[in-house]
Amino acid sequence: MPRVTDATAPRIALVGATGVVGTTLLQLMEERGFRYRDLALVASARSAGREVTVEGHTYRVHDLDGFDFSGTDVAFFSAGAKVSTTFAPKAAAQGALVIDNTSAFRMDPDSPLVVPQANAHELDKRPASGIIANPNCSTIPLVRLLKPVQERWGIRQAVVSTYQAASGAGYSGIDELRAGARAVLDDPDNAGVTGTFSPSLAFDVIPHIDRLLDDGFTFEEQKMLQESRKILSLPHLDITTTCVRVPVVNSHSEAAWIECHNTVDRDELVHLLAEQDEVTVHDLKTHGAFPTPRTAGDPNHVHVGRVRVAAHNPRGFWLWIVADNVRIGAALNALQIAEALTERGVL
């Protein structure tokens, strides 16, 4: 059983334990056999007092206000940037190593931004801030593919359009999409349900995620630029994005145009991507094959298809990418950070 008495196993606290990422993280800990000797589930006052069963053990959810992190080795935060901004530094000051799944510390120079498949070396020592940042859910699958491409051919530019699922907004996003779809199916003139999304996401697409910035881009689009540069240690990398919310319950998709410094051979590209850990290339054997959010397969893999090197510009190619945004884009990446820290003896 992952819950052990071994004194070398970490003591875990999970902030946001009742949210979609938190509950998925608990599932993954069980699936992957992550060893721990103590587990504290923490949430807002609204969820405090609830009982949650994890691997046959029942835990009462603690109220974050006043929770003492001094008995915690690793604290996962998945409760929003405002919560992390307030409480993650407090947890770190009390001795916990924080793995934060929000935008609060991603660009903090004292907090590494980590995708283990791309920059695991950042985990060789404890960060000065005591906080390790988990990247954006659309950045993670992208940089996992850009890393080997950069090493082989060098990247001149990336142009990316995302097609992001309702689950990116948590349980409220999923519930609103389903309620809106039912309302429109019952009455085609119904405007749908709004609140988390505006306009209604049911049978529509919304080219706007997160707040609008002065330059016309959204914060979601800015995050993909800044985070990719930091993770890949390429401060001048040219990446531009359009982030779109689509009426899909779970799993984000991306259409990515990558232009390299050198000519790219398609067969070599396909095999290079297929060699990466936890990456499935769908047209490895069937030219033109592609994944979709519903058909991709293993939710713990990044899925790639429609690999096309442009005849008019053989330095450039297109990828179609699908990844489970709750797992690959959040909970799994956070857990793999903890696994890597354990392997390195940092915990």
Side-chain angles (χ1 to χ4, degrees), residues 14-25 27 43-48 50 61 64 76-86 100-104 106 134-141 161-213 216-224 227 241-254 292-294 299 322-331 333-334:
L14 173 54
V15 179
T18 59
V20 64
V21 174
T23 55
T24 301
L25 181 57
Q27 294 169 6
S44 66
R46 185 176 62 254
S47 297
R50 288 175 52 179
V61 177
L64 177 58
F76 295 99
F77 272 71
S78 296
K82 290 183 179 180
V83 170
S84 289
T85 299
T86 300
D100 182 53
N101 190 50
T102 77
S103 61
R106 289 174 184 162
N134 209 34
N136 178 269
C137 50
S138 292
T139 302
I140 291 171
S161 294
T162 71
Y163 307 82
Q164 298 182 218
S167 59
Y171 284 128
S172 63
I174 296 172
D175 292 343
E176 184 172 299
L177 172 60
R178 288 173 170 161
R182 284 192 293 268
V184 175
L185 285 171
D186 289 341
D187 177 8
D189 294 326
N190 191 304
V193 179
T194 60
T196 301
F197 307 118
S198 182
S200 173
L201 187 57
F203 302 101
D204 208 350
V205 297
I206 304 172
H208 186 287
I209 299 176
D210 215 313
R211 68 180 187 272
L212 189 67
L213 305 178
F217 285 83
T218 64
F219 187 44
E220 186 82 354
E221 293 157 352
Q222 183 188 75
K223 284 184 284 189
M224 290 190 69
E227 293 173 20
T241 64
T242 298
C243 293
V244 182
R245 190 75 72 185
V246 296
V248 169
V249 172
N250 192 57
S251 289
H252 292 353
S253 304
E254 303 179 26
T292 72
R294 293 188 64 187
V322 174
D324 186 315
N325 54 291
V326 177
R327 287 186 170 234
I328 292 285
N333 196 76

Shortest non-hydrogen contact from [X] toward [Y]:
X: S200; Y: G192; value: OG-CA, 3.6 Å
X: M224; Y: C243; value: SD-SG, 3.8 Å
X: I140; Y: I328; value: CG2-O, 3.5 Å
X: S253; Y: V322; value: OG-CG2, 3.5 Å
X: D210; Y: F219; value: OD2-CD2, 3.5 Å
X: P135; Y: N333; value: CD-ND2, 3.6 Å

Query raised in the report: Do side-chain atoms of T23 reach the backbone of V20 as a donor and acceptor pair under 3.5 angstrom?
Result: yes

- Task: Taking H252 for its side chain and A323 for its backbone only, find out whether a donor-acceptor pair lies under 3.5 Å.
- Result: no

Which distance, rounded to the nearest 0.5 Å, do you find between the [atom1] of [X] and the [atom2] of [Y]?
X: E220; Y: R245; atom1: CD; atom2: CZ; value: 7.0 Å
X: K223; Y: T218; atom1: NZ; atom2: OG1; value: 8.0 Å
X: E227; Y: Q222; atom1: CD; atom2: CD; value: 9.5 Å
X: T102; Y: N136; atom1: OG1; atom2: CG; value: 11.0 Å
X: F217; Y: L212; atom1: CZ; atom2: CG; value: 10.5 Å
X: L177; Y: N250; atom1: CG; atom2: CG; value: 11.5 Å

* Would you say the side chains of Q164 and N325 form a donor-acceptor pair under 3.5 Å? -> no

>> Is it the case that the side chains of T162 and S138 hold a donor-acceptor pair, with the cut-off being a distance below 3.5 Å and no angle test?
In response: no

Taken in chain and number order and not counting sequence neighbours, the residues that satisfy ring pair (Phe, Tyr, Trp, His ring centres under 6.0 Å) with F76 are none

*Start with the C-alpha distance between F203 and L185, add both sets of side-chain angles, then the distance that settles side-chain contact (heavy atoms from CB on, under 4.5 Å), and finish with yes or no.*
CA-CA 10 Å; F203 302 101; L185 285 171; 3.9 Å; yes

Can you check side-chain contact (heavy atoms from CB on, under 4.5 Å) on I206 and L201, steps first, answer last? CA-CA 7 Å; I206 304 172; L201 187 57; 4.0 Å; yes

Worksheet item: Any side-chain heavy atom of R106 sitting closer than 4.5 Å to one from D100?
Response: no

